[in-house]
*Asks:* 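Structure below; questions to follow.
Throughout, residue positions are numbered sequentially from 1 according to the sequence presented.
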Amino acid sequence: SVTHRAIQIAGLQMLWDASAWPRQAMTAAHWNRLVDAIGDSTHPGFSLPGSIDVRRRGDTVCLVWNSRNT
């Protein structure tokens, strides 16, 4: 549901802020893609603004700051 997705995005934004990653370049499309990646075990890895790589390790989705992209 839309409410469920909004709660997921809010939680991800809290984790993002706790990691001190910049959110300025993150759009609604980026947040939605991240939620989709978490819910879909076949979703491939990708990169987000701020040099954050999204990687899947089995059932776990990892968000990793890629210092090579800064």
Side-chain angles (χ1 to χ4, degrees):
S1 76
V2 173
T3 302
H4 187 253
R5 181 170 286 268
I7 292 169
Q8 290 175 313
I9 290 171
L12 288 167
Q13 290 172 337
M14 289 174 61
L15 291 171
W16 201 273
D17 292 344
S19 297
W21 293 336
R23 288 201 307 172
Q24 294 88 337
M26 288 290 289
T27 66
H30 290 119
W31 293 114
N32 282 306
R33 186 174 185 199
L34 185 52
V35 168
D36 291 342
I38 291 169
D40 179 358
S41 63
T42 64
H43 202 285
F46 55 95
S47 295
L48 291 168
S51 299
I52 307 302
D53 291 338
V54 179
R55 301 178 187 157
R56 179 166 290 283
R57 295 184 181 139
D59 290 336
T60 303
V61 174
C62 300
L63 302 177
V64 181
W65 178 65
N66 185 344
S67 61
R68 293 181 309 247
N69 290 341
T70 57

*Asks:* Using the rule that two of Ile, Leu, Val, Met, Phe, Trp, Tyr join whenever any of their side-chain heavy atoms come within less than 4.5 Å, decide whether Ile7 and Leu63 are in one cluster.
*Replies:* no
*Asks:* Please answer: with hydrophobic residues joined when any side-chain heavy atoms are less than 4.5 Å apart, are Val64 and Ile38 in the same cluster?
*Replies:* no
*Asks:* Restricting to non-hydrogen atoms, name the atom on Gly50 and the atom on Pro22 that form the minimum distance, rounded to 0.1 Å.
*Replies:* CA-CG, 4.4 Å
*Asks:* Under the salt bridge (Lys or Arg N to Asp or Glu O under 4.0 Å) definition, can you give me all pairs with a residue in residues 1-28, not counting sequence neighbours?
*Replies:* Arg5-Asp36, Asp17-Arg23
*Asks:* Where is the tightest heavy-atom contact between Ala37 and Val54, given as atom of each residue plus distance?
*Replies:* CB-CG1, 4.5 Å
*Asks:* For Thr27, check side-chain hydrogen bond (donor to acceptor under 3.5 Å, both in side chains) against everything at least two apart and list the hits.
*Replies:* His30
*Asks:* I'd like to check the ring pair (Phe, Tyr, Trp, His ring centres under 6.0 Å) partners of Trp16; sequence neighbours left out, ordered by chain and number.
*Replies:* Trp21, Trp31
*Asks:* Is there a chain of hydrophobic side chains (I, L, V, M, F, W, Y, each step under 4.5 Å between heavy atoms) that links Trp65 to Leu12?
*Replies:* yes
*Asks:* Could you work out, with side-chain hydrogen bond (donor to acceptor under 3.5 Å, both in side chains) as the rule, every residue matching Thr42, not counting sequence neighbours?
*Replies:* Asp40
*Asks:* Please list, chain by chain and in numerical order, all residues satisfying salt bridge (charged side-chain N to carboxylate O under 4.0 Å, His left out) with Arg33, sequence neighbours excluded.
*Replies:* none
*Asks:* Which distance, rounded to the nearest 0.5 Å, do you find between the CD1 of Ile9 and the CG of Asn32?
*Replies:* 4.5 Å
*Asks:* Testing the basics here: between Ser41 and Arg56, what is the closest heavy-atom pair and its distance to 0.1 Å?
*Replies:* O-CD, 3.2 Å
*Asks:* Looking at Arg57 and Cys62, what are the two nearest heavy atoms and their distance?
*Replies:* NH1-SG, 3.5 Å
